[in-house]
Novice: 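Take a look at the following structure, please.
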Amino acid sequence: DQQVKQNSPSLSVQEGRISILNCDYTNSMFDYFLWYKKYPAEGPTFLISISSIKDKNEDGRFTVFLNKSAKHLSLHIVPSQPGDSAVYFCAASADNQGGKLIFGQGTELSVKP
Amino acid sequence: NAGVTQTPKFRILKIGQSMTLQCTQDMNHNYMYWYRQDPGMGLKLIYYSVGAGITDKGEVPNGYNVSRSTTEDFPLRLELAAPSQTSVYFCASSPDGISGELFFGEGSRLTVL
């Protein structure tokens, strides 16, 4: 039972263009959503998050959009840079779960110069 | 600032052997977690702890044990290693267990032959 799904295993984008990574969830109890970035041989690092009371959160080149009715969120990276090439994980948590995160399978982003 | 430190980084075990993965954090975080990541999959929660002396099971606890005698340390014990436990293991910590923002170690790659 995959509660958080990232259906695209990989994405290739040209430098300077927009990268859009998608994530779907099934559990309506989730109320906090996060994106993590992971380079090879390193642990994941926190990138950006959004609470269920919002539909958009921006941090520099990164914007996360949340559509609660569709149980869908997306991460936009504009403009994409070669250093953004990494695996991106979507994660979700419920308020009463002690910070336990449920992760998606990840999307490997490749930004080509 | 060391953050979350995991040892060893790599280990090969024979079926039936036992070992302990060590995890230490120097951020005085109450919440700590162990995740495993299999190829092409997201991170799955094995065990977590909300403070010294308190531990609880995650999504995939079978075959593992944990203890939390101090705030800093959260070791993960494999008693009878099986090939299904071949994975990359990540330890993480969080200050409050509310926001879901976790700080991860670099990971420990375990192979069971």
Side-chain angles (χ1 to χ4, degrees), chain A residues 1-10 21 23-27 29-54 57 59 64 66 73 86-108, chain B residues 2-10 21 23-25 27 29-51 54-61 68 74 87-109:
Chain A
D1 177 26
Q2 191 75 24
Q3 296 185 67
V4 178
K5 296 181 182 179
Q6 294 176 255
N7 292 317
S8 298
S10 62
L21 295 92
C23 178
D24 297 295
Y25 63 97
T26 58
N27 189 342
M29 298 301 292
F30 289 146
D31 55 8
Y32 207 77
F33 304 89
L34 306 93
W35 286 93
Y36 280 79
K37 178 179 180 179
K38 185 184 179 306
Y39 292 117
E42 295 185 9
T45 55
F46 170 75
L47 186 59
I48 192 169
S49 63
I50 187 166
S51 163
S52 61
I53 63 173
K54 295 185 176 181
N57 188 28
D59 185 1
V64 56
L66 175 63
L73 65 155
V87 177
Y88 290 78
F89 290 100
C90 168
S93 71
D95 186 38
N96 62 348
Q97 294 296 309
K100 293 186 294 182
L101 296 182
I102 305 297
F103 283 84
Q105 306 96 309
T107 296
E108 183 172 10
Chain B
V4 178
T5 303
Q6 293 181 232
T7 57
K9 286 187 169 37
F10 303 93
L21 297 176
C23 176
T24 298
Q25 53 94 6
M27 297 174 283
H29 288 172
N30 284 323
Y31 291 75
M32 294 189 75
Y33 311 83
W34 274 106
Y35 284 88
R36 60 176 285 174
Q37 184 192 10
D38 299 326
M41 303 293 288
L43 287 77
K44 299 286 189 184
L45 182 64
I46 305 171
Y47 270 94
Y48 69 103
S49 170
V50 301
I54 306 170
T55 62
D56 207 348
K57 296 178 181 178
E59 301 170 82
V60 290
R68 185 93 183 273
F74 191 39
S87 190
V88 181
Y89 291 83
F90 290 99
C91 180
S93 71
S94 171
D96 55 19
I98 297 174
S99 66
E101 182 179 345
L102 306 185
F103 296 80
F104 283 87
E106 293 186 337
S108 298
R109 182 177 294 275

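Keep in mind that the numbers below use all heavy atoms, side chains included, and drop hydrogens, waters and symmetry copies. So you know, we letter chains A, B, ... as the sequences are listed, proteins then strands, and number each from 1.
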Novice: Taking all heavy atoms of F89(A) and all of Q37(B), pick out the closest pair and write down the distance.
Specialist: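 Nearest pair, atom of F89(A) first, then Q37(B): CZ-NE2, 3.3 Å.
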Novice: Run the side chain to side chain contact (heavy atoms under 4.5 Å, CB included) test on L101(A) and Y35(B) for me, step by step, so that the C-alpha distance in whole Å, both residues' side-chain angles and the decisive distance to 0.1 Å come before the verdict.
Specialist: CA-CA 10 Å; L101(A) 296 182; Y35(B) 284 88; 3.5 Å; yes
Novice: Could you look at Y36(A) and say if it's the side chain, the backbone, both or neither that has a heavy atom under 4.5 Å from chain B?
Specialist: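 The answer is the side chain of Y36(A).
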Novice: Side chain, backbone, both or neither: which part of Q2(A) has an atom under 4.5 Å from a heavy atom of chain B?
Specialist: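 Just the side chain, heavy atoms under 4.5 Å.
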Novice: Measure P44(A) against the heavy atoms of chain B and call it side chain, backbone, both or neither at under 4.5 Å.
Specialist: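 P44(A) touches chain B through backbone and side-chain heavy atoms alike.
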Novice: Just verifying a value: how many Å separate L43(B) CG and I102(A) CD1, rounded to the nearest 0.5 Å?
Specialist: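 Taking CG in L43(B) and CD1 in I102(A), the distance rounds to 11.0 Å.
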Novice: To check you understand the geometry: which heavy-atom pair defines the closest contact between E42(A) and F90(B), and what is its length?
Specialist: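 Answer, listing the atom of E42(A) first, then F90(B): O-CE2, 3.8 Å.
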Novice: Roughly how far apart are F103(B) CZ and F46(A) CZ, rounded to 0.5 Å?
Specialist: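 Separation between the atoms: 9.0 Å.
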Novice: With a 4.5 angstrom heavy-atom cut-off, which part of E59(B) approaches chain A: side chain, backbone, both or neither?
Specialist: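 It is the side chain, since no backbone atom gets that close.
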Novice: Measure the CD1-CD distance between I48(A) and E101(B) for me, rounded to the nearest 0.5 Å.
Specialist: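 One gets 11.5 Å once the value is rounded to the nearest 0.5 Å.
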Novice: Other residues, nucleotides and ligands only: do more than 12 of their heavy atoms fall within 6.0 Å of NZ on K5(A)?
Specialist: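 No.
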Novice: Going from CG on D56(B) to NZ on K100(A), what distance comes out if it is rounded to the nearest 0.5 angstrom?
Specialist: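 So the CG of D56(B) and the NZ of K100(A) are separated by 6.5 Å.
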Novice: For L45(B), is it the side chain, the backbone, both or neither that has a heavy atom under 4.5 Å from a heavy atom of chain A?
Specialist: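 Interface part for L45(B): side chain.
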Novice: In terms of heavy-atom proximity below 4.5 Å to chain A, should K44(B) be classed as side chain, backbone, both, or neither?
Specialist: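 Side chain only.
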Novice: Can you tell which part of A92(A) gets under 4.5 Å to a heavy atom of chain B, answering side chain, backbone, both or neither?
Specialist: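 Contact with chain B: none, neither part.
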